[in-house]
Every structure is written in C-alpha cells, then in structure tokens.
Amino acid sequence: MKDKIKAISELVEQKLSEANDAASLENIRINYLGKKGELTSLLRELGKLSPEERPAMGQLVNEVKQRLEAELDQRKASIAKLELENKLKNEKIDVTLPAKEKKLGHIHPMNIVLREIEDIFKEMGFTIADGPEVELDYYNFEALNVPKDHPARDTQDTFYISDNVVLRTQTSPMQIRVMENNKPPIKIIAPGTVYRSDAMDATHSPVFHQIEGLVVDKGVTFADLKGTLETFARKLYGTDTGFRYRPHHFPFTEPSAEMDITCFNCHGEGCRLCKGEGYIEILGAGMVHPKVLETCGIDPNEYSGFAFGLGLERVVMRRYNIDDLRLFTENDVRFLKQF
Ligand code: DAH
C-alpha cells in the first residue's frame with residue numbers, strides 16, 4: 001500500500017507541474033483527491049489491513065493528501081496570477097499610438113450646389129415644389145403644349161411605363177401641377193431628377209437633374225424674367241457676369257430664349273472652355289404660353305408668367321471643373337472627398 005501511495009503522489013506531482021490552466025487543475029483534484037479520487041479510495045481500503053498497520057497507513061494517506069492539496073492550491077494561485085498577467089499584457093493600451101481617424105461623410109457636390117441655388121431663390125421669395133418622377137404623359141407633354149405627334153417629343157425620348165405614364169423627361173410638368181393646385185401669385189422652383197433614353201457618356205446620362213422655375217402673377221413681363229435670372233446668375237457666378245439671350249423654341253413658352261453668361265474663364269474674350277464663343281449657355285426660359293395658362297384654369301388675359309429650366313449637372317461641372325458627369329454616380333471616394 002505504501003508503494004501505491006508513493007506512486008499516486010509522484011504521479012499527481014508530475015501532473016501538477018504540467019498543468020497550466022484552471023481546468024486541468026480541477027481535473028487532477030477530481031481524479032485523485034476528490035471524493036471518488038484514487039487517493040480517497042485508498043482510505044476505504046484501510047479496512048483490509050491488520051489493526052496494527054491501519055493507524056500508521058491512515059495517517060500517511062492523510063498526510064500525502066493534505067500535502068498534495070496544498071500543492072494544488074499553490075499551483076492554482078500561480079496559474080491565476082499568470083493568467084491575470086497575460087490578460088493585462090494583452091489589454092495594454094499604447095496611449096502614444098495615433099487615434100483611429102473617424103471618417104465622416106459629407107454632402108455630395110451636386111447637393112452642395114443645389115442648396116446654394118435653392119438659397120439664392122429662397123432669398124428672392126421663391127418656395128420649393130416637389131413632384132413625381134413617374135409622371136403622366138399629360139403633365140410631361142400634353143399640358144405643356146406637346147401633343148402626341150409633336151416633333152419635340154423626338155428630342156425627349158424617354159422610358160414609357162405605359163402609353164400614358166412616363167419617367168419625366170423634364171421638371172417642366174411641375175409647372176402644370178403647381179398651377180393646377182395654386183392660385184397666382186405663384187413663385188416656385190422645382191428641382192428634381194429627370195430621365196431620357198440617352199446613352200451614357202461624359203456629358204450625357206439617362207438620369208440627370210433639372211431645376212424648374214415658375215412665376216405667375218398680374219403684370220409679369222420679360223423684364224421680370226431677365227431681372228430674376230440675372231440676379232440669380234450673378235449670385236452664382238459673380239457680379240461681373242455678363243448676359244446674352246438667344247431666341248429659341250420651347251412649346252410651352254412664348255417668346256422663348258436661351259440665356260448665356262459670359263465665360264467665367266475668359267470673361268468674353270473666347271477660349272477653349274467656351275469654344276471661342278465668349279459665352280456659355282446656362283438655361284432655357286420664356287414667357288408662359290397663354291395656352292398653358294388656360295389649360296391650368298388661369299386666365300391669360302388677367303395673368304402672365306415666366307418659366308425657366310436649367311440642368312444641375314452642367315452647373316456643378318463648371319463650378320468644380322469636372323469633365324465627366326459619370327463621376328457623380330460612381331461613388332468613388334477619391335473623387336467625392338475633394339469637395
Ligand atoms: N424643359 C426644358 C428642357 O428640358 C427646359 C426649359 C426651357 C424649361 C424653357 C422651362 C423653359 O421652364 O421656360 O429642355
């Protein structure tokens with residue numbers, strides 16, 4: 001029995017020295033020192049010994065058990081200490097490291113300029129109107145004096161949802177929607193997304209943006225149109241901006257014009273940017289056609305108005321010297337973070 005005790009004792013000591021975590025220590029305790037452990041079961045075998053041997057052997061088993069239990073506790077303590085040290089080492093924070101940069105997003109260049117344009121018009125008393133991009137053919141064409149067989153439809157081919165529903169090709173249908181629902185005086189701008197079945201390249205996209213403007217009141221004249229648009233363009237492009245109007249045709253305005261501003265690169269001299277013209281076209285405009293007013297239940301003998309429309313992409317491209325409008329939608333942060 002003595003040999004057995006010695007063997008168990010040596011085995012336990014070896015296992016203790018090998019154990020390096022709390023779980024394996026607990027296993028050793030259960031297997032050798034616990035209620036059903038090997039050393040404990042030796043105590044039960046004492047009965048087989050002669051009465052003379054029993055006390056000495058019992059004492060020996062108990063001594064060994066106590067010694068091993070003490071060693072186990074010690075080992076437990078040192079492993080716990082080691083684990084704590086490791087934990088602390090792993091959680092150490094180097095306060096001298098540079099902090100991780102927080103990447104904040106920002107406003108898209110298109111929206112930067114749109115907000116600026118909205119602010120300019122708001123200062124002049126305009127409110128902002130919003131309407132559907134999936135639009136009735138009636139609002140997009142018919143009510144704007146473009147019947148089904150009108151040649152102007154060729155230049156604004158679009159995506160048809162059905163015969164009578166289209167993706168709007170212009171923000172001009174907002175003129176009709178606003179006039180149907182409001183009595184003059186009317187003074188709105190309507191920015192929004194428009195669609196045409198154009199192939200995508202550096203200057204064309206099937207999806208782009210326009211800003212529509214509409215003013216209707218008693219006694220509105222072409223002079224009001226000029227005053228409003230020139231005030232707007234001077235705020236956006238600078239007080240030294242010069243203007244030029246070229247006659248044009250839009251079915252829903254009469255007379256109609258395109259407005260040019262002096263090239264901000266050469267100030268009218270002629271350069272590569274303005275293709276030697278000295279001027280750059282920025283918008284279409286005109287006096288609201290009497291037929292359009294009538295369609296909306298506004299008496300053209302009592303009221304008159306002017307309207308204008310400009311393409312937002314072109315304004316933004318000029319502002320930031322961007323030569324490819326695909327950059328606006330590609331979501332390349334190297335492009336976007338420059339603004
Ligand atoms: N809707 C026209 C276009 O997309 C632009 C335009 C021209 C709008 C003249 C107007 C206007 O309101 O009066 O080509």
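Any value given below was found using the heavy atoms of this structure, including those in side chains, with hydrogens, waters and symmetry copies removed. All residue numbers in this chain count up from 1 along the given sequence. Atoms within each ligand, like the ligands themselves, are counted from 1 in listed order.
Under a cutoff of 6.0 Å and an axis angle of 45°, R177 and Y139 form a cation-pi pair.
Q14 and E18 share a donor-acceptor pair across their side chains, judged by distance under 3.5 Å alone.
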Next item on the list: Step by step, work out the salt bridge (charged side-chain N to carboxylate O under 4.0 Å, His left out) result for E116 and K235.
Entry: CA-CA 9 Å; E116 203 175 308; K235 287 208 167 143; over 6 Å; no
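The aromatic rings of F339 and F335 stand perpendicular to each other, their planes meeting at an angle above 60°, with 30° marking the opposite boundary.
Near ligand 1, residues Q156, Q170, S172, Q175, R196, Q210, E212, F250, F252, T253, G284, A285, G286, A307, F308, G309 each place a heavy atom inside the 4.0 Å sphere around the ligand atoms.
Side-chain contact between E254 and K291 is absent, with no heavy atoms from C-beta onward closer than 4.5 Å. Counting only heavy atoms from C-beta outward, the side chains of I128 and I188 never approach each other to under 4.5 Å.
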